[in-house]
Structures are given as structure tokens and as C-alpha cells.
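Here is the structure we will look at, set down as C-alpha cells.
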Protein chains: 2
Amino acid sequence: MTTTDGDTASVSIQDMSKISGLSEATLRYYEKIGLIGPVPRDESSGHRRYGGHAVERIEALGCLRATGMSVQDMRDYLRFLDGNGDGGDGNATRMRELFERNVSRIQEEIERMHVRRRYLELKAQLWSARERGDAEGENRIVPEVARAREGLR
Amino acid sequence: MTTTDGDTASVSIQDMSKISGLSEATLRYYEKIGLIGPVPRDESSGHRRYGGHAVERIEALGCLRATGMSVQDMRDYLRFLDGNGDGGDGNATRMRELFERNVSRIQEEIERMHVRRRYLELKAQLWSARERGDAEGENRIVPEVARAREGLR
DNA sequence: CGTTTGACCTCAAGCGCTTCAGGTGGGAGA
DNA sequence: TCTCCCACCTGAAGCGCTTGAGGTCAAACG
């Protein structure tokens, strides 16, 4: 997985993908848009070789991406990590704020998901009633669907 | 909001957007990909005029889209509605299955969201500890972050 | 020693929209 | 009547990736 040449470990894109959970295509894409990189290449083959420093950063990015964090927030995260957000200790505050914002974002998404589930459950029930030819059940569900629809933003 | 000419109500794209919750751009896009339409136009201005039949369908699509349903499932939904899924009563079954699949999809998403929230909360706490210079708190949180990370797919 | 395999490369297109740029028709006010 | 504005139009580009086509390099196999 890693090769030691001198003191620097070097990781292939495939391994970097396994480590970070980001697809190889995404790794190339992140490099292209300047979120990571430029990644050094193997002399003869031209293949990417991720060095120890990069590996840790990209592993972290994998986690953040997995939470649905925006590319801009990932950029800020790296900037704060490197101490170029403000200088000094203000960056811990920026980091906290960044994560708190994202917690709120997820929280709101969860709440919206519950509403959506409710709506879809009722729709499933409605068609289930129709499937059985249960006209009465159908009539009971229709107004509930209408109510659930209101919550769907 | 609606104009009566004869017996057909005609709705502008702006109003259709308000009714359905889909943006004007999305309405044009759905037409372009053949999910809806073609929508009749006003003779002189060339503006879209949605007729009563289309209005109901698009309103329904708005709800489905709001739940995150895929374009393909929306296509199937319309097909089953029109009775071209199978013929006869098999379509109620198809509809039920379609909605049940989507309930499961949402359910899984909700579960993943909880894991993500947990991870982000811990990260926020970690940086909060650093912000306060609380090295001890930091040490308590680090292993928890590591554990939460495992769940992130 | 030629060939096959596999990991990797780049470039282009597609997905589901959103946003933007540039243009038209028609009604209202000066 | 002239002009302004508003609602609408089309087409193209952007976002964050994913998928696919077509080509290179190096180690392994017959």
C-alpha cells in the first residue's frame, strides 16, 4: 500500500481511493478544481503518487464529503487547518462555526426527510387500498395525504 | 391566476411554478426531457399555457420531486397513472411498490443523516475544546471522532 | 521476446438542475 | 404615440460529480 523511498510514503490513486472513500474520478476532479494538489507524479509512468501530508488531508476530506459538506466549506476547512483563515487562534473558532453550521444543515435535512417519509408512506397506503379495492380505506387516506403534502415545502 | 376561454383554464409558467413548487427553469427542463409536455403556447406571444389536465399532473410531480424521487420514478408514476404500465389493475401494485421503494430510500437516508450529524457534532466539540485551550477535553473527544468516522460509510 | 493484463492517464459527455446573457411581445404610463 | 417594464423566450455554461472512450506504461506470462 505504501512504498518507502527515503522518508516519504507514496500512495497510488487506487489506494488513496480506498483510504479516503472518494472515487478515483473524484480525486482527479478535486485536483482539477484546486481543492487538493497538485499531486506529484511518478517519473516514468506519470501516475499520481500521494505523499504522507496529502494522504491525511484527503482522508479528512473523505469524511467531510461523506457528511455532504459543500466544496466551499471543504476549502475553508483546509485553509483554517493551514492557519491561513485569519492567523492564530481565530481559526479554532472558525472551525467550530463551520461544523456547527453543518450540524444545523443536517438537522434541517433530517426534519424534512421525516415529512417526506410520511407523505410517501401515505401514498403507498393509498395505492395499497386501491390494489385491494378498498374504497373506504382510500377515502380515509386521501385527506391525510393532502395534509402531509402541506409540509412538503 | 387562471383564464377561462371556453371550458379550459390556462395557467402561465409563473403560476404553474407557484402551484407546483417547481421553478420555471425546472418546468422548462422537464418539458425538454419529455417528462411533461409538449405544453401548448399562446398564439401571439409564444408563452406556455398549461391546461387543466397538465396542471394536475405537474402539481403531483412537484410533490414527488420534493421527496427526492428520481426522474425515472416520476416517469413511471405518470405511465402507471395513464394505465400504460401493464394494463388494468397491475398498476396499483406497481404504484404501491414504487412508493414503498421510495419510503425505504428515505429511511436509509435518515439513518445515514444521524451518523453524519453525530460526526459533525463531535468535530464541532473538538474545535470548541481547542478554542478554549481545553487539552483534556480534546483528548476525550478524539477517540469518539474516530469511532463516529467508522459509521460514515 | 511478443503479447496480454492491469493500473493509470486524459478528454468529453451526461445528469438534473440553476443561473445568466441576450432577445421578443404586449400592456401601462407620459 | 413613444417608451418603459415585465413576463416570457432560447441557448449556453456552470456545478459536482460519474461514466465511458481511447491511449500509455510496466510487470508477468507463454
Indicate whether OP1 or OP2 belonging to [N] is found under 4.0 Å from a side-chain N or O atom of [X].
X: Ser12(B); N: dC8(D); value: yes
X: Arg48(B); N: dC8(D); value: no
X: Ser45(A); N: dT24(D); value: no

From [atom1] of [X] over to [atom2] of [N], roughly how many Å is that when rounded to an integer?
X: Ile13(B); N: dC8(D); atom1: CD1; atom2: C1'; answer: 8 Å
X: Glu43(B); N: dC8(D); atom1: CD; atom2: P; answer: 18 Å
X: Asp42(B); N: dG27(C); atom1: CG; atom2: C1'; answer: 13 Å
X: Tyr50(B); N: dA7(D); atom1: OH; atom2: C1'; answer: 13 Å
X: His47(A); N: dT10(C); atom1: NE2; atom2: P; answer: 9 Å

Does [X] reach the main-chain N or O of [Y] with its side chain, forming a donor-acceptor pair under 3.5 Å?
X: Asp134(B); Y: Arg130(B); result: no
X: Arg116(A); Y: Thr67(B); result: no
X: Asn84(B); Y: Phe80(B); result: no

For the atom pair CZ (Arg105(B)) and CZ (Arg117(A)), what is the distance rounded to the nearest 0.5 Å?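 One finds 12.5 Å between CZ of Arg105(B) and CZ of Arg117(A).
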Roughly how far apart are Leu27(A) CG and Gln14(A) CD, rounded to 0.5 Å?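 If we round to the nearest 0.5 Å, Leu27(A):CG and Gln14(A):CD are 11.5 Å apart.
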Between the side chains of Asp42(A) and Arg48(A), is the shortest nitrogen-to-carboxylate-oxygen separation below 4.0 Å, so that they form an ion pair?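 Looking at Arg48(A) and Asp42(A), the cut-off is not met.
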First encountered from the 5' end of DNA chain C, between Gly46(B) and Glu24(A):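 Final value for this comparison: Glu24(A).
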List the protein contact pattern of nucleotides 13-20 of chain D with one symbol per nucleotide (5' to 3'): B for base contact, S for sugar-phosphate-only contact, - for none; contact means a heavy-atom distance under 4.0 Å. ---BBBB-
Taking any heavy-atom pair under 4.0 Å as a contact, classify Arg41(A): base, sugar-phosphate, or nothing.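 The answer is sugar-phosphate, as Arg41(A) gets under 4.0 Å only of primed atoms, P, OP1 or OP2.
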How is Arg28(B) classified with respect to the nucleic acid when contacts are heavy atoms under 4.0 Å: base, sugar-phosphate, or nothing?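 Here Arg28(B) touches the bases of the nucleic acid.
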For Tyr77(B) and Met95(B), which heavy atoms make the closest approach, and how far apart are they?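 Nearest pair, atom of Tyr77(B) first, then Met95(B): O-CE, 3.3 Å.
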